[in-house]
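Just so it is clear: chains get the letters A, B, ... in the order the sequence lines come, proteins before strands, and each one is counted from 1.
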There are 4 protein chains.
Amino acid sequence: MAARRPVDPRRKPVQQRAQETVDVILKATAQVLVKEGYDKATTNRIAAAAGVSIGTLYQYFPNKESLVVALSRRHTDEMMKLLSGMIVDLRDAPPRQATRALIKAMCDAHAVDPALHKVLVEHLPQATFFERIHDVGHKAHQIVRHYLEAHRERIIPQDLDMAAFLVVTTVEATTHAAVLQRQDMLLNDDLVDQITRLVHQYLFVADPS
Amino acid sequence: MAARRPVDPRRKPVQQRAQETVDVILKATAQVLVKEGYDKATTNRIAAAAGVSIGTLYQYFPNKESLVVALSRRHTDEMMKLLSGMIVDLRDAPPRQATRALIKAMCDAHAVDPALHKVLVEHLPQATFFERIHDVGHKAHQIVRHYLEAHRERIIPQDLDMAAFLVVTTVEATTHAAVLQRQDMLLNDDLVDQITRLVHQYLFVADPS
Amino acid sequence: MAARRPVDPRRKPVQQRAQETVDVILKATAQVLVKEGYDKATTNRIAAAAGVSIGTLYQYFPNKESLVVALSRRHTDEMMKLLSGMIVDLRDAPPRQATRALIKAMCDAHAVDPALHKVLVEHLPQATFFERIHDVGHKAHQIVRHYLEAHRERIIPQDLDMAAFLVVTTVEATTHAAVLQRQDMLLNDDLVDQITRLVHQYLFVADPS
Amino acid sequence: MAARRPVDPRRKPVQQRAQETVDVILKATAQVLVKEGYDKATTNRIAAAAGVSIGTLYQYFPNKESLVVALSRRHTDEMMKLLSGMIVDLRDAPPRQATRALIKAMCDAHAVDPALHKVLVEHLPQATFFERIHDVGHKAHQIVRHYLEAHRERIIPQDLDMAAFLVVTTVEATTHAAVLQRQDMLLNDDLVDQITRLVHQYLFVADPS
DNA sequence: TATGAATGAGGTTTCATTCAT
DNA sequence: AATGAATGAAACCTCATTCAT
């Protein structure tokens, strides 16, 4: 097994100014990643975009990977925050509202920075990848799984694990694709309504709710 | 607009031996891409894996990108062939069979070489990407769209374009994810059954079929 | 038209040390060009001769051609400086002195670094070539042309343009050849005297001066 | 000293067809050298231009240099032929006619293939260079030198060697430059007249001839 | 004799990273 | 803390040349 390289920030910025520098560097990283693509995102270009010297960049990040990892942490933290709100709402909500809440939350989460999300998903090395980005999917899977178990009596599919897998995959893919390719569909609630019906009819027995 | 670099093969192999060499190089490209990842897939490594000299590689491919493009053409051609079979089956099939056929075909298409498919999807430059890989999705979208229009009277969703988008995205994402992450689910027909029901209930009014 | 590659220096050195490095690299370029010839003057060899790493060389020059172009700019600037001095001397000088001044200036200009001059003249791509090196000849042509017009009444040839062409070509070729092949002839003033008479008798009607 | 590589043709073509092949290859070499420049004149490109395979080219020429050398031999042979005619004419001609003949011959010689001449002069390695191309200048120098000695009593310059150097350099440079840059001047005899007077007045004491 | 596939040394160039200032 | 000059391994790619067919 290859030796893992350090990915943690090199030094904790304590001063106000230093914290701002880190912020500027990460913002520049995101911008360059999205605008120029992963291959063109060299450390020198990022430093230039941030308006700091390459030396300064290496004061805070020991290598290029650590930059991307730090950025992905920030990004997934934001997505997670939105999904966490959902957990609370979901707990005891009736099926249709729960489904809607899941989809809404997924839309919001993917709307944080869809282009950056795409680049990060595609280019983070697998290890780091699972560690952070896939957490979003993984967390969603667990939430859904628990919900299904709690409402087992109303659920059509027998295999709850497979059902959770299908639901999460479907919701994630459709919201992600919509955000990336069909932003026009997000202007009103039609798309959310449709996905809701797609999932709801699959999961739940007919119900007057 | 940035100048596009050439991606077309440099010289058509005329001798038998040369055709074999091209084949060996592309097979090595696929292997290295999958096993080592895009960034580690250097032309020298590919040439070594193919057992030819670096010069031989450049006899047939003008640059690294052209290698990947040629490989993606082969790959998408194979996927397309499987999807094309579907068109015929779909034409006049009743809803449930048509849905099943779509999902089966998608599963088969993604099963061609899922790991390679993932690398190609993630790393092909956008322009080339849309030209070939996305063709698969695009073609599927059109097939489904036509089918929905032909059976409009039985379809629940009003917006057929959105419906086609949701169905294709869902089927593609779930089959792709299953192939990549949950190959255990593909051993029997359970997953296909589930996806079929997911899509069928969404699209079609209840029917004794 | 083929796309021109960049030839301008990549980064303006701001620190003292960097300016010295650029200087060292250009000096090494000249040395290697002269001693080894154009084809053997690889960037690696130049970097080695300069005692810097290949990466340092590419910090300041985006490609090999830009190195040669920068060097030719330096070289022609020096030659031009010497010719510019001539303009002043020539203005109102009587024929014989003017002729002598022209030849002297040409000798001095070609003596700057004759071996380098030869390599540059022979290998610079045409576009760049005309832009800089040929400027020397072009400038000389215009100076002579103006002088001839100003003294038309004493000039034998009718076609002043052709006369200027002949004079400049002759003076340039003879001084250049002398500097390159017959440096012994430059030890005293004999050669300059001879060229002076060659040109003077051709241009001017007999005169007691 | 570096070991000299063979430059002689590898095998004397004996059959009719083989002789034609050699001819085609050399013509292609000249064409590519002139149209594409020395650097772009690769052996593969030359073979392609000649319509033969690279292997065939190497049947007749052991390496690239030998190609260029063979071409330069052909070229200088043609130029020499034109100059040789001059020798006879010159022998006992009176000064003005002799001068004119020299200049005419030089014009003719440089008109053989001026663009090719330029490429060859600039790129042939020095050793080969002096051996063949400079022979033209050298031969001209000797002819002129002999003529001057034979007519010493009418010659103004004392140093006949220097005079011959000046005359040959001047005539060569002006005819060469005219052929390359000012072909319009060659349409009538004006230029030849002017060069003739330039040289004649320099060399010879006034004479009623 | 002719072919063209194959070779690989060696060229140009990039970019993550270090370190003296 | 910040700078930016310097590094060099390693990437991409070319082209003179060989050799099996």
*N/O (side chain, A/Tyr60) to phosphate O (OP1/OP2, F/dA2) under 4.0 Å*: yes

_Most 5' of B/Ala41 and C/Leu57 on DNA chain F, judged by nearest nucleotide_ = C/Leu57

*May I ask you to say what D/Thr56 touches in the nucleic acid, namely base, sugar-phosphate or nothing, with a heavy-atom cut-off under 4.0 Å?*
base

*Please figure out whether B/Tyr58 or C/Arg17 has its closest DNA chain F nucleotide nearer the 5' end.*
C/Arg17

*Under 4.0 Å between a Lys/Arg side-chain N and an Asp/Glu carboxylate O for C/Asp23 and C/Lys27?*
yes

*Considering Watson-Crick and G-U wobble pairs with both distances under 3.5 Å, what does E/dC15 pair with?*
F/dG8

_Tell me the interatomic distance from B/Asn63, atom CG, to F/dC13, atom C1', rounded to whole angstroms._
9 Å

*So how far is it from A/Phe61 CZ to A/Ile46 CD1, rounded to the nearest 0.5 Å?*
10.0 Å

*With respect to the side chain of D/Val52, which nucleotide from F/dT17, E/dA2, E/dT3 is positioned closest?*
E/dT3

*asked:* Strictly distance-based, threshold 3.5 Å: is any side-chain N or O of D/Lys40 a donor or acceptor partner for the main-chain N or O of D/Arg45?
replied: no

*Atom-to-atom span, CD of A/Glu65 to P of E/dA16 - whole angstrom*: 13 Å

*Distance (rounded to the nearest 0.5 Å) between C/Leu67 CG and C/Thr29 OG1*: 4.5 Å

*Let me know the distance between CD of C/Glu20 and C1' of F/dA5, rounded to the nearest Å.*
12 Å

*Please state whether the phosphate of E/dC15, meaning OP1 or OP2, lies under 4.0 angstrom from any side-chain nitrogen or oxygen of A/Thr43.*
no

_Using whole Å, what does the distance between atom P of nucleotide E/dT7 and atom CD1 of B/Ile25 come to?_
9 Å

*Would you indicate which nucleotide in F/dT3, E/dA6, F/dC12 comes nearest to any side-chain atom of B/Thr42?*
F/dC12

*Atom-pair distance (CD on C/Glu36; C1' on E/dG11), nearest Å*: 15 Å

*The side chain of C/Ile54 lies closest to which of these nucleotides: E/dG8, E/dT13, F/dG4?*
E/dT13

*Spell out yes or no: do the side chain of A/Gln59 and the base of F/dA1 have one donor N/O and one acceptor N/O closer than 3.5 Å?*
no

_Nucleotide paired to E/dT3 in any strand shown, Watson-Crick or G-U, under 3.5 Å_ = F/dA20

*asked:* If the cut-off is 4.0 Å, is B/Thr21 near the phosphate of E/dA6, judged by side-chain N/O to OP1 or OP2?
replied: yes

*Measure the CG-OG1 distance between A/Leu26 and A/Thr21 for me, rounded to the nearest 0.5 Å.*
11.0 Å

*Report the residue (D/Gly51 or B/Gly51) whose heavy-atom-nearest nucleotide on DNA chain E is the more 5′ of the two.*
D/Gly51

*Whole angstrom is fine here: how far is it from CZ in B/Phe61 over to P in F/dT14?*
15 Å

*Rounded interatomic separation in angstrom, taking CD from B/Gln16 and C1' from E/dA5*: 13 Å

_Both C/Asn44 and A/Asp39 contact DNA chain E. Which one's nearest nucleotide lies toward the 5' end?_
C/Asn44

*Between E/dA6, F/dA9, F/dG4, which one does the side chain of A/Ser53 approach most closely?*
F/dG4

_Considering all heavy atoms, the nearest A/Val34-A/Ala115 contact_ = CG1-CB, 3.8 Å

*asked:* What is the distance, to the nearest angstrom, from the CD1 atom on D/Ile46 to the C1' atom on F/dA16?
replied: 11 Å

